[in-house]
Structure formats: C-alpha cells, structure tokens
Amino acid sequence: MGWKTKFVLPHFGPFDLDQAITLSPDKKRLFAVNGGSDTVAVFDVSDDGSLKPVPGSPFPSGGKNPVSIGYAGDYLVVVNKNEDPGRDMAASKPNYSVHKITENGALMPVPEGKVELATASRSPTQALIVNNRFVYDGDFGSFYLPAREAMWGKLLNKQKPSTIRVLQLSEDGKLSLLQELEAPQGIFDGGLDTNKDGKPDPLMFGLQSHPKEPLIYVSMVTGAKLGVFEYDDSGTLKFVDSASNSGELICWVAINKAGTRAYTTNNGSDTVSVYDLSDPRHPKEIQHMDLRGYGAPYQLALSPDEKYLYTVKHRTFDKTPVGDGGTLNVVEIGAEGRITENKYSPYNIPNRGDLLARPLGIATR
C-alpha cells in the first residue's frame, strides 16, 4: 500500500535530466532552467553566494519544458524536453537550442542553432558539452511505463528505442546532428522488461565525460551497468566496455578531477556506488552504499575540494509518503575515494510534496 497523488507513480521521463543548474567556469554566473514556463534564468553570483538576476532574466529557452543546460564558451546549449506532465505537449517537439551569452549575461538565440527531434515523446535529458564542440545526450525513446503511455498514447511503442545522441557545435554556434547510437548488442540482456513483451527494454541516460581521456560514461539504467564509450576527433562514439552495478536503476554519474573515481546514484535502490577508474576504459565497482531517509537519489555533485558528495532525492515511488523524500544527502569521501554518509544527513528540502514539486539539480562552488 502506498500514498497517492493525482499523477501515476513512478513517473520516469519528466524528471530524468541532468545539469538543470549550471555555473560558468569562473563561478560568477549561474544558469537555471524553468521547466514550467519555458525559460532560462540567469544570475550573477556574489562572493557570498547570493544571486542577482541579470537584466532581462529569465529568457525564452527556445522550446517547451527546458531541463538541461550545457555551457560551451560563449554559448549555452539548452535541452527542451517537451515532457511536462502538467501540460499538453502533443503539438510541440523536443529540441536542442543554442543561445549566445552576451557580456551582461543575456541569452540571444543563434540562427541555425537548433536541432528539433522527429517526434514529441523522445524525451532528451542532457546537454553534456565536450571540448566546447560536441553535445552528448541520452533519451528515452520508446521506453515504456504506464505513466508515459498515459501521456503519449500507444504510438509511444512505435518509436526507436533509447538512443545516445551526438551533436556538433560550430564556432559560430550552429548546431547539427552527428550521430544517433542505439544500445550495444546484448548489453541489456537480463534487464528490466517494463512492457512485458519478453524482451529487455533499454534505457540510457546520465552521461559524464572523463576529465583526461576521450571517454563518455553512460548509465545503462535498466541493465544495471555503467557503459564506457570512446569518442574520436570527429566526436563520434564507439562502445568500449561496461561494468556491473550492484544497485537498481543506475542513473547519474560524477567523476573526480583526477579521473580516478566515479560515483553513481542508483535510483531504484536508494544507493550510491563508487567505481575505480584506474583503468578508465574498464571501470570496477568497489563500493555500494545505502542512503538514509525516504525518496530516491537523482543528480549528484562533488564539492570543489572533493571531500563531499551531494545528491538530491525525490518522491519517485508511492512507498514514500506524500511530503517526504525531498532531501539533500551529504556523503563524505575518505581514503581511496570510499564514502560514508555524514552523521547529520539527510537535510530536508521544503517542497510541496507532490509529483510537480521536486528538488532538481546541484551546483557547487
């Protein structure tokens, strides 16, 4: 028996995203998506951490339901997911939209800086920027859940499955599609079968780049694996290897600056995993830790000194009481990158408690 709201739980898709809040490299400007009003807010950050909106903020996102921001030099790449469960999204399509960042922080749309996806329900999740030239993302595609079918109808099942997408960003901000990559053969064998057709249903998102090697790590969400892909000078990806995950629904990834440890949140089991990246193309899980409190972990971020790992939790499943599950969990990083939860964790984040009020995104400075 669980607690009910007017929305069907679990409702994966609308809240599966990364980089909802992003700081500029100098930490003096913060960008945040406003998914319900189709805008991006821009703030100047004071020395004490307080925020002041730049003139004209917020700015149009270039589409419906923005969920992710990628900072690329003079440009901001926005993912417009087009999957707001509180609105009818059938008449619009998801896109990636490029905006020029002016000196005072205003956002100006770039001509030919938009790539629109073919169908309304693709559900892109992230604008991971690499070398200010490439954008990497994972989408939901045809991934089935009752809540997704209730929103999109039976046509959802006729889409291509979950895809890793690569886009190229030119020096003048123009955006073009470079590659769409489906799951490697066999990597989801034995994984979740959400539509009960006897076959595993692939789901790939939660991407992160290695700080020193040409590698992208991808959460194989329904296959309980961390995938490793290598990119060449053109940005094109090829599959390298995968490492098993002891949790359920591995979703988001953070990597330390030295490139020696990766941390993942595992949404279905309310846990965090630690991976040894000594051999970055062949990671190994070395720790799997339960988190305290209600809810399921989503985005995560390391503190600047990398002594702490932060993750936000939501009310994803109806086993969590209404009003609970919105927390910030604080994890201490010790010797060899191993973790323990801080004795005061978790910290409650005030929220309305229903499906449409969830803490999203972390930025540290």
Side-chain angles (χ1 to χ4, degrees), residues 17-82 84 87 92-116 124-137 167-176 207-209 211 235 254 257 299 301-305 310 312 349 359-365:
L17 53 95
D18 208 351
Q19 302 162 218
I21 303 174
T22 298
L23 284 162
S24 60
D26 63 6
K27 312 294 186 183
K28 293 182 178 180
R29 192 159 278 158
L30 183 141
F31 305 85
V33 295
N34 299 315
S37 59
D38 306 328
T39 58
V40 176
V42 185
F43 302 90
D44 287 325
V45 184
S46 302
D47 291 341
D48 63 359
S50 60
L51 303 176
K52 180 180 179 181
V54 305
S57 177
F59 303 96
S61 69
K64 299 291 185 182
N65 185 214
V67 297
S68 182
I69 300 165
Y71 192 98
D74 294 332
Y75 299 103
L76 203 71
V77 181
V78 180
V79 177
N80 290 293
K81 192 178 186 71
N82 199 62
D84 182 344
R87 293 185 283 168
S92 52
K93 294 178 180 178
N95 70 50
Y96 304 85
S97 183
V98 182
H99 305 258
K100 175 78 171 180
I101 307 170
T102 66
E103 186 175 351
N104 69 355
L107 302 181
M108 305 293 293
V110 174
E112 299 182 53
K114 184 177 291 187
V115 171
E116 187 175 82
T125 61
Q126 184 179 2
L128 176 65
I129 307 295
V130 172
N131 298 333
N132 287 342
R133 295 177 55 207
F134 305 111
V135 184
Y136 295 91
D137 183 26
L167 302 103
Q168 187 165 16
L169 182 65
S170 70
E171 291 184 357
D172 57 359
K174 295 178 181 178
L175 195 64
S176 58
L207 283 63
Q208 193 55 259
S209 58
K257 288 176 280 194
Q299 298 84 18
L302 290 159
S303 62
D305 61 8
Y310 307 99
V312 287
I349 300 174
L360 286 169
I362 304 176
T364 61
R365 67 186 289 269

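None of these values were measured; they are calculated from a predicted model.
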Donor-acceptor under 3.5 Å ([X] side chain, [Y] main chain):
{"X": "S68", "Y": "D18", "result": "yes"}
{"X": "T22", "Y": "F31", "result": "no"}
{"X": "D38", "Y": "S61", "result": "no"}
{"X": "K64", "Y": "S92", "result": "no"}
{"X": "K81", "Y": "P124", "result": "yes"}
{"X": "Q19", "Y": "A127", "result": "yes"}
{"X": "Q168", "Y": "G235", "result": "no"}
{"X": "D44", "Y": "R29", "result": "no"}

For N104 and T102: C-alpha separation, side-chain torsions, deciding distance, then whether side-chain hydrogen bond (donor to acceptor under 3.5 Å, both in side chains) applies.
CA-CA 6 Å; N104 69 355; T102 66; 2.6 Å; yes
To the nearest 0.5 angstrom, please state how far the CG atom of L169 sits from the CG atom of L175.
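If I round to the nearest 0.5 Å, the distance is 6.0 Å.
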Go through the side-chain N and O atoms of N95 and S97 and say whether any donor and acceptor fall under 3.5 Å apart.
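No, no side-chain donor-acceptor contact under 3.5 Å.
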Measure from NZ or CZ of K100 to the centre of the six-membered ring of Y75, then state whether that distance is under 6.0 Å and the direction lies within 45° of the axis.
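Yes.
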